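Predicted model only: the values in this text are computed from it and were never measured.
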Amino acid sequence: MTTPHPRRSRLRLPATGLAALVLVITGTRITHASPVDDGCRTAPAAEVFATDNTSVVTDPDDPRLRTRLTRFDHEVRAIIRAHGARPAASTLLDGVFWSGELKRATYERSREFDVERIGRDGLHHVAGVIAEQYGQEAVLTFRCLPRTSPETDAVEIEVPGVRVGGLREALVADPEARERLGGGSVTLDGTLVLVAPVADLSLARGFTASLGADWGEARVRYGDREFVG
């Protein structure tokens, strides 16, 4: 999903298209389920992926990547509530993205927010408010929907057993992933999450395998994604 450039969200779209894929590592929501499960019973109504960072970070040891974004967490929750929705869990993420301009990996700390009691238009509005308030080029949203919904255009894949260092190594070594997927994010606990176009499900599966993750432990949810800026 798109590399950190000034005034961008965690999922900033790189020159070649982070729009193709979001990889996130989160350690709290995975259960051992069928590799393909389009049910939304255990998923939040929607998710927002965002940051307050506007700098390009090329050093994985940069101290800015150690922030917990605590104040940002509180502020975004307040924005969600102020617009009639209910904030739920929030997950701290470490992003690894490929910059086509710099020809190297870049990094970013961000958060994923679970949001309940919100529809398509409300989610778009909330993401737009966040993008404007924090100077982001794009904020990524994902709504869980039935697989057969006419609005479904993406999948969210969750699978445990991935290292953030492994994500960086795989991205640097794979030109196709760099060009089509752009990058992704990881948390501290080692669960991979990919938000990708439905058409790229097989590509995402192959990239997941290159990270050493077990596809048999993956959960796939279908839905609608949007980059709002």
Side-chain angles (χ1 to χ4, degrees), residues 1-4 10-14 16-44 47 49 60 65 89-98 104-114 140 142 144 147 152-223 225:
M1 307 167 198
T2 109
T3 1
R10 162 185 93 86
L11 301 172
R12 332 179 187 209
L13 294 113
T16 52
L18 174 56
L21 171 72
V22 172
L23 306 158
V24 175
I25 299 212
T26 175
T28 57
R29 293 184 303 184
I30 292 297
T31 60
H32 295 284
S34 167
V36 177
D37 175 10
D38 63 350
C40 294
R41 289 188 301 274
T42 61
E47 295 164 281
F49 301 85
L65 300 176
S90 170
T91 303
L92 193 62
L93 310 171
D94 288 314
V96 181
F97 306 107
W98 183 259
R104 64 185 300 180
T106 59
Y107 308 89
E108 189 167 71
R109 176 61 66 93
S110 64
R111 278 189 175 272
E112 177 272 322
F113 298 87
D114 290 352
L140 175 68
F142 181 82
C144 192
R147 183 176 183 176
T152 292
D153 62 8
V155 290
E156 180 181 59
I157 303 163
E158 300 184 354
V159 56
V162 175
R163 297 180 302 107
V164 61
L167 172 59
R168 178 190 178 281
E169 293 163 6
L171 190 65
V172 170
D174 189 333
E176 183 178 24
R178 295 201 305 260
E179 295 300 314
R180 292 182 58 183
L181 308 180
S185 299
V186 302
T187 66
L188 312 179
D189 291 12
T191 294
L192 177 68
V193 177
L194 295 77
V195 178
V198 171
D200 282 339
L201 178 57
S202 60
L203 175 64
R205 177 173 179 169
F207 190 69
T208 298
S210 75
L211 296 171
D214 182 358
W215 186 257
E217 296 187 14
R219 163 166 285 171
V220 179
R221 296 189 181 103
Y222 289 79
R225 68 164 192 173

Find the distance between [atom1] ([X]) and [atom2] ([Y]) and round it off to the nearest 0.5 Å.
X: Trp98; Y: Arg104; atom1: CH2; atom2: CZ; value: 9.0 Å
X: Arg221; Y: Arg41; atom1: CZ; atom2: CZ; value: 10.5 Å
X: Thr91; Y: Arg111; atom1: OG1; atom2: CZ; value: 8.0 Å
X: Asp153; Y: Tyr222; atom1: CG; atom2: OH; value: 12.5 Å
X: Arg205; Y: Ile157; atom1: CZ; atom2: CD1; value: 9.5 Å

With a 4.5 Å cut-off on side-chain heavy atoms, are Arg109 and Leu92 touching?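 They are in contact (side-chain heavy atoms under 4.5 Å apart), so the answer is yes.
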Is the shortest side-chain heavy-atom distance between Tyr107 and Arg168 below 4.5 Å?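 Counting from C-beta outward, Tyr107 and Arg168 do come under 4.5 Å.
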Would you name the heavy atoms of [X] and [Y] that are closest together and state the gap between them?
X: Leu211; Y: Leu167; value: CD2-CA, 3.6 Å
X: Cys144; Y: Pro44; value: CB-O, 4.0 Å
X: Phe49; Y: Glu156; value: CZ-OE2, 4.1 Å
X: Val155; Y: Pro197; value: CG2-O, 4.3 Å
X: Phe113; Y: Ser90; value: CE2-OG, 3.6 Å
X: Glu47; Y: Asp114; value: CG-OD1, 3.7 Å

From Asp189, Thr191, Leu192, Thr208, residue fulfilling side chain to side chain contact (heavy atoms under 4.5 Å, CB included) relative to Val162: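 Of Asp189, Thr191, Leu192, Thr208, side chain to side chain contact (heavy atoms under 4.5 Å, CB included) with Val162 is met by Leu192 alone.
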Gly190 backbone acceptor or donor facing Arg163 side chain under 3.5 Å: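 The answer is no, because no donor-acceptor pair under 3.5 Å joins these two groups.
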